[in-house]
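Only a predicted model underlies this, so the values are computations on that prediction, with no experimental measurement involved. The residues of the chain are indexed from 1 along the displayed sequence.
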Amino acid sequence: MKKPFLSIVVPCYNEEEVLNETTKQLTEVLMTLTERKLIDPESKVIYVDDGSKDATWQLISEKTAENPYISGVKLSRNFGHQGALLAGLNAAYEKSDCVVSIDADLQDDVNAIIPFVEKFHEGFDVVYGVRGKRDTDTFFKRNTALGFYRFMDKIGVKLVPNHADFRLLSKRALKEFLNYKEENMFIRGIVPLLGFPSTKVYYDRNERFAGESKYPLKKMISFAIDGITSFSIVPIRMLFSLGVIMFCIGIGIGVYALIQKFIGHVESGWTSLMISLWIVGGIQLLAIGILGEYVGKIFKEVKGRPRYTIEENLFEEKMAE
């Protein structure tokens with residue numbers, strides 16, 4: 001019986017410091033799975049170089065030549081983590097029976113891939129890697145992440161808490177996922193929409209092996225905004241509700257002003273006037289900003305530009321040999 005072909009997709013951006021160790025650990029995982037006859041011996045790791053400025057691609061090319069488990073895809077420039085991940089998934093689709101995505105920094109436990117594959121053999125199309133605890137995070141990051149998950153749940157977006165982009169997809173799940181063509185890809189929000197049988201594998205997250213995080217606070221905030229605005233119009237409805245509340249308050253203030261006029265208390269209230277101006281002005285700017293975020297996404301979607309451009313595909317060349 002033919003064993004499933006597994007592809008492990010690894011987005012990389014300036015990862016020269018960690019790539020040797022990542023290759024070593026992922027190779028060991030593939031060898032273990034092969035020995036246990038859980039995967040095809042030809043299974044591959046697909047590194048996706050997302051426009052790195054260091055020697056990342058040079059290392060990927062060298063390892064592709066010397067290691068039968070390794071291959072790579074080079075993007076023409078930096079398209080961001082989600083774009084690189086999408087490029088790798090697309091490259092892997094035709095050949096693979098199942099695909100695992102994992103970051104290159106070794107914070108996700110590569111050994112969890114083994115139970116991923118076991119769950120795949122049990123019939124699950126989606127296997128989520130879920131962090132058992134967040135001890136390696138700072139207090140700020142841990143609590144803001146939990147707050148984000150709670151907020152997303154409140155506005156109707158069903159995410160898997162403490163799950164990032166470490167997961168397994170079967171071929172049919174990947175096929176349906178690739179039918180989602182939006183420009184603003186929020187992958188961890190799309191996968192739960194697929195509806196196929198899914199399960200979770202819990203693991204302990206490690207410290208980053210080397211190098212610096214590619215997700216500083218600015219990118220985390222941008223990522224959160226993309227997730228919210230890509231999946232929900234609740235913020236716009238909240239603005240409408242806020243507008244109704246402010247309108248009612250305005251009517252109340254108007255009635256109060258008329259009463260004051262009729263009873264002769266017509267002194268100008270500088271403080272109340274300034275407070276009202278600042279509050280209304282702030283709400284207006286907030287509303288314009290939120291609406292602008294949605295309009296900006298519409299602008300990107302209607303242009304229909306490619307979500308990534310592949311400069312070199314060593315995986316395709318290697319499989320054609």
In terms of heavy-atom contacts, Thr64 and Gly72 come closest through OG1-N, 3.9 Å
Sub-3.5 Å donor-acceptor pair from the side chain of Asp109 to the main-chain atoms of Asp204, do we have one? no
### Query
Hey, are the side chains of Leu85 and Val9 touching, using non-hydrogen atoms and a 4.5 Å cut-off?
yes
Discussion item. Do Asp108 and Asp165 have side chains that approach each other closer than 4.5 Å (heavy atoms only, starting at C-beta)?
Written reply: no
Shortest non-hydrogen pair, Tyr47 vs Ile60, comes out as CB-CD1, 3.5 Å
Exactly one candidate in Leu168, Leu169, Val29 meets side chain to side chain contact (heavy atoms under 4.5 Å, CB included) with Val100; the answer is Leu168
dist Asn90:CG -> Leu178:CG (nearest 0.5 Å) comes out at 4.5 Å
Counting only N and O atoms by type, is there a donor-acceptor contact under 3.5 Å from the side chain of Thr56 to the main-chain atoms of Glu15? yes
What verdict does the side chain to side chain contact (heavy atoms under 4.5 Å, CB included) test give for His81 and Asp50, after you've listed the backbone C-alpha separation in whole Å, the side-chain angles of each residue and the deciding distance to 0.1 Å?
CA-CA 7 Å; His81 180 273; Asp50 187 24; 5.6 Å; no
Review point. Is any side-chain heavy atom of Glu311 less than 4.5 Å from a side-chain heavy atom of Asp49?
Key: no
Check: So, do Phe177 and Leu86 sit near enough that their side-chain heavy atoms are less than 4.5 Å apart?
Finding: yes
Nearest heavy-atom contact between Ala91 and Phe315 is O-CE2, 3.4 Å
Could you give me the CA-CA distance, side-chain angles and deciding distance for Ile46 and Val99, then say whether side chain to side chain contact (heavy atoms under 4.5 Å, CB included) is met?
-> CA-CA 10 Å; Ile46 306 175; Val99 178; over 6 Å; no
Exactly one of Thr23, Thr22, Asn20 clears side chain to side chain donor-acceptor pair (under 3.5 Å) with Lys63, and that residue is Asn20
Pairing donors with acceptors under 3.5 angstrom, does anything connect the side chains of Thr27 and Asn67? yes
Verdict with reasoning, Arg131 to Tyr203, per side chain to side chain contact (heavy atoms under 4.5 Å, CB included): CA-CA 5 Å; Arg131 298 171 63 172; Tyr203 68 97; 3.7 Å; yes
| query | For Ile187, does its backbone N or O pair with a side-chain atom of Gln82 as donor and acceptor, under 3.5 Å? | reply | yes
Discussion item. Taking the side chain as everything from C-beta on, heavy atoms only, tell me whether Arg36 gets closer than 4.5 Å to Glu118.
Written reply: yes
Salt bridge (Lys or Arg N to Asp or Glu O under 4.0 Å) test vs Asp125 passes for just one of Arg172, Lys171, Lys119, namely Arg172
- Glu176 side chain to Leu194 backbone, donor-acceptor under 3.5 Å: no
### Query
Taking C-beta and beyond as the side chain, do Phe196 and Ser170 meet within less than 4.5 Å on heavy atoms?
no
When Leu33, Ile8, Leu6 are each screened for side chain to side chain contact (heavy atoms under 4.5 Å, CB included) with Ser43, the one that passes is Leu6
Interatomic distance, CD1@Ile113 vs CG@Leu38, rounded to 0.5 Å, equals 13.0 Å
For the side chain of His163 and the backbone of Arg188, is there at least one donor-acceptor N/O pair under 3.5 Å apart? no
To the nearest 0.5 Å, atom OG of Ser52 lies from atom CZ of Arg77 at 14.0 Å
- Task: Could you walk me through whether Lys2 and Asp40 pass the side chain to side chain contact (heavy atoms under 4.5 Å, CB included) test, one step at a time?
- Result: CA-CA 7 Å; Lys2 184 180 181 296; Asp40 188 315; 4.0 Å; yes
Taken to the nearest 0.5 Å, the spacing of Tyr93 OH from Ser7 OG works out to 13.0 Å
Check whether Asp97 reaches the backbone of Phe5 with its side chain - one donor and one acceptor, N or O, closer than 3.5 Å. yes
